[in-house]
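To start, the structure under review is shown below, and the notes come after it.
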Amino acid sequence: MTTQTVEYIRYRIPGDRSAEFLAAYTRAAARLAAAPQCVDYELARCEEDFEHFILRITWTSTEDHIEGFRKSDLFQDFLAEIRPYVGNIDEMRHYKPTSVRGTGASVPSLYDWAGGADAFARLTDVFYAKVLKDDLLGPLFADLPPEHAGHVALWIGEVFGGPATYSERQGGHSHMVAKHVGKHITEPQRRRWVNLMHDAADEAGLPADAEFRSAFSAYIEWGTRLAVYFSGPDADRPAEQPVPLWNWGAAPPYQP
Ligand code: HEM
């Protein structure tokens, strides 16, 4: 379970002080941004009652906040900015996130955006046809059963937010990692794998918008580098863990 903690500070600021309050917090926030104990922060204003503000700060842990940030020079600078409003605080406490969390359906998964199971099946079919003809990769994949491409499609589909079929039927994360152990994948082979995957994405008609391809590309880069690591002599066996769940990242889906 994460050690992160969320601090909520609720303020009630009279309307005639709200502009100076926001200006002070804009300056104070630079200290939060510089604090290694701070994960993220957000000051929100109530829409129904303009006098109410809530500052949410995620800390790496409660201890890091109290023993680290509170005892640092950054805190002194932060406090100097917001001291005039300390008397306006209604609540200031740490909350531990529970398992009740998630995202809504306002943003489509990468899986749905790509076109679901059919799209990933097309992708890996085109990809492995190329791989088998490739001088660097062909020998590595020559004896693999024909189901291999389908398994990789299930994996990528699950990573991109599709059904958890690889986890339920194909052995999940540890099985996938184990398949790469001892393969001694070289950097030129990895780079070829990346190139062929991008060619296959074009040929299989995966969405070509900048946002999808940015997320796709990031995953392929990350995944292939891990494959190289786990295929090498120095790899530590990973702890049992769920299949990674990839998302849009910095570029959310573009919807005209
Ligand atoms: C994002 C990157 C990658 C993903 C998502 C991926 C995915 C997978 C999956 C899911 C399997 C297991 C299939 C099954 O359950 O039957 C697998 C096996 C395999 N992968 Fe990868 N892989 C990646 C990178 C690479 C790279 C860079 C190489 C080599 C250049 C590679 C070579 C292989 C080989 C040879 C196997 C088959 C091992 C065996 O069954 O004996 N993979 N991969």
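Starting from 1, each residue takes its place in the sequence as its number. Atoms within a ligand are numbered from 1 in the order they appear, just like the ligands themselves. Note that these values count all heavy atoms, side chains included, but never hydrogens, waters or copies made by symmetry.
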Considering non-hydrogen atoms of the protein only, which is the closest contact for atom 29 (C) of ligand 1, and what is the distance?
I185 CD1, 3.5 Å
Starting from atom 36 (C) of ligand 1, find the nearest protein heavy-atom neighbour and note its residue, name and distance.
H148 CE1, 3.8 Å
Flag this pair as yes if the NZ/CZ of R56 is under 6.0 angstrom from the six-membered ring centre of Y41 and inside a 45 degree cone about the axis; otherwise no.
no
Taking D77 first and then R27, would you say they form a salt bridge - that is, a charged N and a carboxylate O separated by under 4.0 Å?
no
Inspect the contact between E203 and K130 and indicate whether a charged nitrogen and a carboxylate oxygen are less than 4.0 angstrom apart.
yes
Crowding at CD, E63 (>12 non-hydrogen neighbours, <6.0 Å)
no
Would you please test Y85 and Y25 for ring-ring contact (aromatic ring centres under 6.0 Å, His included) and show each step?
CA-CA 10 Å; Y85 312 100; Y25 251 105; 7.5 Å; no
Among all protein heavy atoms, pick the one closest to atom 32 (C) of ligand 1 and tell me residue, atom and distance.
F141 CZ, 3.2 Å
Which of the numbered atoms in ligand 1 are below 4.0 angstrom from a heavy atom of L137?
30 (C)
Using a distance threshold of 2.8 Å, what protein N/O/S atoms lie below it relative to atom 21 (Fe) of ligand 1?
H180 NE2
Do T124 side-chain atoms and F120 backbone N/O form a donor-acceptor pair below 3.5 Å?
yes
Is any side-chain N of the basic residue among R192 and D199 closer than 4.0 Å to the acidic one's carboxylate O?
no
More than 12 heavy atoms of other residues, nucleotides or ligands under 6.0 Å from CG of D49: is that the case?
yes
Below a 4.0 angstrom heavy-atom separation, can you tell me which part of L144, side chain or backbone, both or neither, approaches ligand 1?
side chain
Using side-chain heavy atoms (C-beta onward) and a distance below 4.5 Å, is W193 in contact with F141?
yes
Y254 ring center within less than 6.0 Å of F212 ring center
no
Suppose I only count heavy atoms of Y219 and a 4.0 Å limit; which atoms of ligand 1 are within that range?
1 (C), 5 (C)
Of all the non-hydrogen atoms in the protein, which one sits nearest to atom 41 (O) of ligand 1, and at what distance?
K183 NZ, 3.4 Å
What is the nearest protein non-hydrogen atom to atom 12 (C) of ligand 1, stated with its residue, atom name and distance?
Y166 OH, 3.5 Å
Which atoms of ligand 1 sit under 4.0 Å from any heavy atom of H175?
15 (O)
Below 4.0 angstrom from a heavy atom of W155, which ligand 1 atoms are there? Numbered from 1 as shown, please.
5 (C), 10 (C)
Where does the angle between the aromatic ring planes of H175 and Y166 fall among parallel (under 30°), tilted (30 to 60°) and perpendicular (over 60°)?
tilted
As an exercise, identify every atom of ligand 1 less than 4.0 angstrom from a heavy atom of G223.
1 (C), 2 (C)
For E221, is there an ion pair with R190 - N to carboxylate O distance below 4.0 angstrom?
yes
Could you tell me, atom by atom, which parts of ligand 1 come under 4.0 Å of a heavy atom of H151?
13 (C), 14 (C), 15 (O), 16 (O)
